[in-house]
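Input: a single structure, listed below in structure tokens.
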Amino acid sequence: MTAPPHDDERSVRFRALYDDNYERILGYALRRVPHADALDVVAETFTVAWRRLAHVPAGDEARLWLYGTARRVLANHQRGVRRRARLHSRLSREAGKGAAERSQGSAAAAFARLRPADRDLLALVAWEGLDARELARVIGCSPNAARIRVHRARKRFAEELDLDAKHGRPGGHVRVTAIGTEETG
Amino acid sequence: MRSAADLDALVADLSKVHDSNLSGRVRTPEARQLFETITAPTRVRRRRRSAYTIAVAAALVAVAAGIVVGGLHTTATASAATALKKVASVARTQQPLVAARGQFVYTKSDWLSLDTYVGAGTSYSALIPWSRESWVGPTGGRMHQVPGQPQFISDRDRNAWIAAGRPTFTGPAASAPEALPPARPLDLPTDPGALFERLKRETASYGDRQDAEMFVLVGDSLRETNASPAQRAALYAVAARIPGIDLVGDVTSAGRRGIAVAKDDDVNHVRSTLVFDPQTSVLLGEEESTLAGNSFGYPVGTRIETATYLQTAIVDSLGAHP
């Protein structure tokens, strides 16, 4: 922990962090929750970064720190009542358009059937483009453990895809927006 | 058999939002407004957790964080300045707590922090207890916080939470250990006059609550830092010079005798209290409580954040206990 830097210095550093990463964190949030919720997640993530600027690592590590923070904010966020109400109404809407959703294909359905933790990992790799070392920083484990977890998640995803192929399972409606963010409360 | 790349490509195709489509969004009024809101100098700024409220995109999440003492009973017999000068002289005589390469300063503390959720038609708050351990060293460190059961301040809060379906305040992710960057020497002058001027400069934009913010910065610099004995002495000496510091007096914090001093923030209507050990100058605890007119609508003196520092020691490996 370091001395509180001068306000100007602090603001300059935060501005650079914000400008360099706003779009990435917005993208991260938009891929997982509806627009209004995504804006909340972005706001809260950067508020945490401002408050804890002394803990934000320098250089490219800052990006990973922000992903890790956004991931925690998202997990917390979705337990809020407002989110709960929105999710409810969104699911009601989606239930009414099942036929159209089926055309999304079995990949989406197989993905939706995965455990939230597996979806979280696969999405961080495929959507955020993180490698094992970066993933390890974001989720807080060793790179080796991250490699193993992703390998297992990919294996389960492949098994789900195969199940669909074998049984001709319909796609069903898919909540790809709710990745890794299942209600736990 | 599908390759890892094939599987990743299938997942990638499921995303309808790509960063390339968001290019330039940081320059929108929405993004600039958020930046201004976050960095606005009127908020209470705290290094660890803070009492503040942000309103963005029709959603409002208020987080207040905290401190603790566990029953403040006062016997104010001397002025705050005298008490702080005394503890400054004690600080100067203490041995520094220095973690060599491969070592870590371990701190264990208990916290209570107010979490508030405000949404469409409802809002509720609860104090969340946190048990916190940190390891800070020259090669990096770790922080591990584990939440406990929410404590509701009022029946209204509890009932609103029940009506909302009893959502959890903290998820499993909240308990995950967090990496800390390598500790650097605390960049603060040891001359009290120079330190006073420095903190005054840093808080120049805080207007009516500049004095309160200086007190916050003193607390930030004492809390889980590697401040040297001379720096600690200077911080206490500076606190003695901040106008409007009250001597709360003798208090007990987790069974230990301490001296408490407080500063009112008349803009945010909260009172910040620091408790230190008069024998060693060590920070024992902190507390933040409400004043009249507070935005929470709580009675005066409601604790909204507490921290009790239970143990500090040098350990020889990351995650080790003394």
Side-chain angles (χ1 to χ4, degrees), chain A residues 1-7 11 14-15 18-19 22-24 26-27 30-31 36-37 39-40 42-44 46-47 50-52 54-55 57-58 68 71-72 75-77 79-85 104 107-108 111 122-123 125-127 137 139-140 150-151 154 157-158 161 176 183-185, chain B residues 2 4 7-15 17-19 22-23 25-26 30-31 34-35 38-39 45-47 50 54 56-59 61 117 119-120 122 136 164-174 176-181 183-184 186-188 201-202 205 217 220-221 224-226:
Chain A
M1 265 139 271
T2 56
H6 189 279
D7 269 4
S11 294
F14 182 71
R15 182 173 284 280
Y18 187 85
D19 288 352
Y22 175 86
E23 287 156 15
R24 268 193 199 108
L26 179 64
L30 283 172
R31 283 187 277 274
D37 288 346
L39 296 181
D40 292 350
V42 171
E44 212 173 323
F46 281 105
T47 301
W50 169 250
R51 197 170 76 215
R52 310 192 57 191
H55 294 275
R71 191 168 163 267
R72 279 190 291 277
N76 263 335
H77 192 79
R79 293 177 193 99
V81 280
R82 194 174 46 78
R83 167 74 187 142
R84 187 178 289 268
Q104 283 193 337
F111 188 67
L122 293 179
V125 171
W127 296 357
R137 299 287 295 169
I139 66 176
V150 170
H151 173 73
R154 282 195 190 114
F157 181 44
L161 287 168
V176 281
E183 300 274 321
T184 57
Chain B
R2 293 175 182 87
L7 291 165
D8 290 350
L10 279 173
V11 176
D13 284 346
L14 297 176
S15 169
V17 178
H18 301 282
D19 287 357
L22 300 173
S23 183
R25 285 289 287 269
V26 70
E30 181 182 81
L34 173 62
F35 180 89
I38 291 173
T39 57
R45 191 186 69 194
R46 295 287 298 254
R47 177 59 49 87
S50 61
I54 52 164
V56 216
V61 180
Y117 288 88
T122 187
V136 178
R166 300 172 189 258
T168 54
F169 280 86
T170 55
E178 199 176 313
L180 295 177
R184 288 182 298 175
L186 197 61
D187 172 31
L188 286 181
R201 241 188 357 259
E202 289 188 3
S205 61
L217 287 187
D220 283 354
S221 309
E224 289 183 3
T225 66
N226 51 9

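Residue numbers start from 1 in every chain, and the chains themselves are labelled A, B, ... in the order their sequence lines are given, proteins ahead of strands.
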Q | Minimal non-hydrogen separation, A/Ala126 against B/Ala12, with atom names | A | CB-N, 3.8 Å

Q: To the nearest 0.5 Å, tell me how far A/Leu161 CG sits from B/Leu10 CG.
A: 6.0 Å

(Q) Does any part of the side chain of A/Leu26, heavy atoms only, come nearer than 4.5 Å to the side chain of B/Val17, both counted from C-beta? (A) no

Q. Which pair of non-hydrogen atoms, one from B/His18 and one from A/Arg31, has the smallest distance, and what is that distance?
A. CA-NH1, 3.9 Å

Q) Are any of the side-chain heavy atoms of A/Tyr22 and B/Leu34 separated by less than 4.5 Å? A) yes

**Q.** Aromatic contact, A/Phe14 with B/Phe35 (centres under 6.0 Å)
**A.** yes

Q. Do A/Val42 and B/Arg25 come within less than 4.5 Å of each other through their side chains, counting heavy atoms only?
A. no

**Q.** By side-chain contact (heavy atoms from CB on, under 4.5 Å) - contacts of A/Asp19 (at least two apart)
**A.** A/Arg15, B/Val26, B/Arg32

**Q.** Any donor-acceptor pair under 3.5 Å from A/Trp127 side chain to B/Val11 backbone
**A.** yes

(Q) Do B/Asp19 and A/Glu23 make a side-chain contact, defined as non-hydrogen atoms from C-beta onward lying under 4.5 Å apart? (A) no

Q.
Using a 3.5 Å distance criterion without hydrogens, assess whether the side chain of A/Trp50 forms a donor-acceptor pair with backbone atoms of B/Ile38.
A. yes

Q. At their closest point, which heavy atom of B/Leu14 faces which heavy atom of A/Ala107, and how far apart are they?
A. CD1-O, 4.2 Å

Q) Sequence neighbours excluded, which residues qualify as side-chain contact (heavy atoms from CB on, under 4.5 Å) partners of A/Arg137? A) A/Glu61, A/Leu64, A/Arg133

Q | Side-chain heavy atoms of A/Leu30 within contact of B/Leu22, under 4.5 Å | A | yes

